[in-house]
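In this chain, residues are counted from 1 in sequence order.
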Amino acid sequence: MESNTVEITVVGQGSATFAPERCTIALTVRSDGRSAEAAAEPAHRLVDELSRLIDPLYNPAHGPIDSWALDQVRHSRHRPSKDEGEQLPYVYQAVATIMVEFGQIDVIDAFVYAVSALDGVEVGHFEWGLAADSQAAKIREVRTLAVQDAVEKADIYAQSVGRSAITAMSIADPGLLGVGPTQSGYVASARAFAGAEEGFELRPQDITLRAEVHARFTAT
């Protein structure tokens, strides 16, 4: 390397925010009874009711529900005790979990309102995401922003020491240039939902993708 050449190593970061395009909702069916049969009957009935709500919306090609999966009804029992230690009769429980994946999120409000009206059905977590075909393009976008940020940083550093031209030597994922990683290739974050006092008020937060690259330049 020429004596008047300066080596510059930088971390480039990029981020962009996008509206969610899909959502997976976890539903839990739960019922109790004094016998296994008394617990199981309401659980199976609720599963049937949920299936009747889901089936008209299910279309793997066009949505709004792209897929759904039912975990088998699981049975358990426990024996509660009074404060003084006396054991009470067994309580039996039946539980099933249903995962519903929406490719169109504009119908989720009405769906959640309908299922939350069913006694014994719990609406669990909401996992917001991007469609597979557009996620790759969005990841490329934020990675490009990260590289552009690295170039801008290197250029500023070069000018600050009296150099006018920079040349990229290496660009890599975090940690591959011997620089300690601060985060892996890219990360995504999104909030699930906020509950309202009356029913559900869905508030899907936009998904933020962040990317980071480590880069090494020479400046002359």
Side-chain angles (χ1 to χ4, degrees), residues 14-32 39-76 93-146 183-211:
S15 67
T17 300
F18 307 95
E21 298 166 337
R22 61 193 311 103
C23 180
T24 301
I25 303 176
L27 305 174
T28 301
V29 170
R30 196 185 311 274
S31 61
D32 298 324
E41 192 279 329
H44 286 285
R45 175 176 50 79
L46 284 169
V47 167
D48 288 340
E49 289 188 53
L50 286 172
S51 298
R52 287 194 291 272
L53 288 173
I54 294 170
D55 278 336
L57 302 175
Y58 171 60
N59 185 319
H62 306 291
I65 293 178
D66 293 345
S67 66
W68 68 286
L70 167 66
D71 189 11
Q72 65 180 357
V73 179
R74 302 181 302 279
H75 303 273
S76 63
Q93 187 174 77
V95 179
T97 301
I98 298 177
M99 305 297 293
V100 186
E101 184 176 359
F102 286 83
Q104 300 173 21
I105 64 176
D106 57 339
V107 301
I108 294 177
D109 247 328
F111 177 82
V112 170
Y113 180 82
V115 300
S116 61
L118 298 176
D119 187 24
V121 177
E122 302 170 8
V123 180
H125 70 273
F126 290 59
E127 183 180 340
W128 303 95
L130 298 169
D133 57 349
S134 66
Q135 178 167 303
K138 291 174 171 59
I139 291 173
R140 285 196 297 271
E141 180 179 333
V142 295
R143 285 175 172 162
T144 299
L145 291 173
Q183 69 180 39
S184 59
Y186 82 96
V187 295
S189 61
R191 187 172 57 195
F193 72 98
E197 292 183 2
E198 298 181 1
F200 283 86
E201 182 183 359
L202 290 174
R203 297 176 183 172
Q205 184 178 359
D206 289 346
I207 295 169
T208 299
L209 299 181
R210 298 180 177 87

Fill in the blank from the handout: Note: Ala211 and Ala146 closest approach over all heavy atoms is O-CB, 3.8 Å
Fill in the blank from the handout: For Asp71 and Ala96 the tightest heavy-atom approach is O-CB, 3.9 Å
Practice task
Taking all non-hydrogen atoms of both residues into account, name the closest pair between Ala16 and Leu145 and its distance.
Solution key: CB-CD1, 4.5 Å
Problem - For Glu122, salt bridge (Lys or Arg N to Asp or Glu O under 4.0 Å) partners two or more places apart - result: Arg30
Exercise for the section: Look at the aromatic rings of His75 and His44 and report parallel, tilted or perpendicular, splitting at 30° and 60°. Expected result: tilted
Exercise for the section: Might you point out which heavy atoms bring Ser15 and Val142 nearest each other, and give the distance in Å? Expected result: C-CG1, 4.0 Å
Practice task
Enter the distance from Thr24:OG1 to Ile108:CD1 here, rounded to the nearest 0.5 Å.
Solution key: 9.0 Å
Problem - Any Tyr113 side-chain heavy atom under 4.5 Å of Val123 side chain - result: no
Practice task
Look up atom CG in Asp133 and atom CD in Glu21, then write down how far apart they are to the nearest 0.5 Å.
Solution key: 7.5 Å
Exercise for the section: Measure the shortest side-chain to side-chain distance between Thr97 and Leu27 over non-hydrogen atoms and say whether it is less than 4.5 angstrom. Expected result: no
Fill in the blank from the handout: Rounding to 0.5 Å, atoms CD (Glu127) and CD1 (Ile25) come to a distance of 11.5 Å
Completion exercise
Output for pair (Ile98 CD1, Leu46 CG), nearest 0.5 Å, gives 9.0 Å
Exercise for the section: Please report the closest heavy-atom contact between Gly103 and Asp66, naming both atoms and the distance. Expected result: CA-OD2, 3.2 Å
Fill in the blank from the handout: One should read off an interatomic distance between Trp68 CH2 and Phe102 CZ, to the nearest 0.5 angstrom, of 12.0 Å
Problem - Heavy-atom closest contact (Pro20 atom, Asp206 atom, distance) - result: CD-OD1, 3.8 Å
Problem - Validation row: Val115, Val100 side chains within 4.5 angstrom (heavy atoms) - result: no
Handout entry: Asp119 atom CG: more than 12 heavy-atom contacts under 6.0 Å
Key = no
Problem - Inter-residue atom distance Met99.CE - Glu101.CD, 0.5 Å rounding - result: 9.0 Å
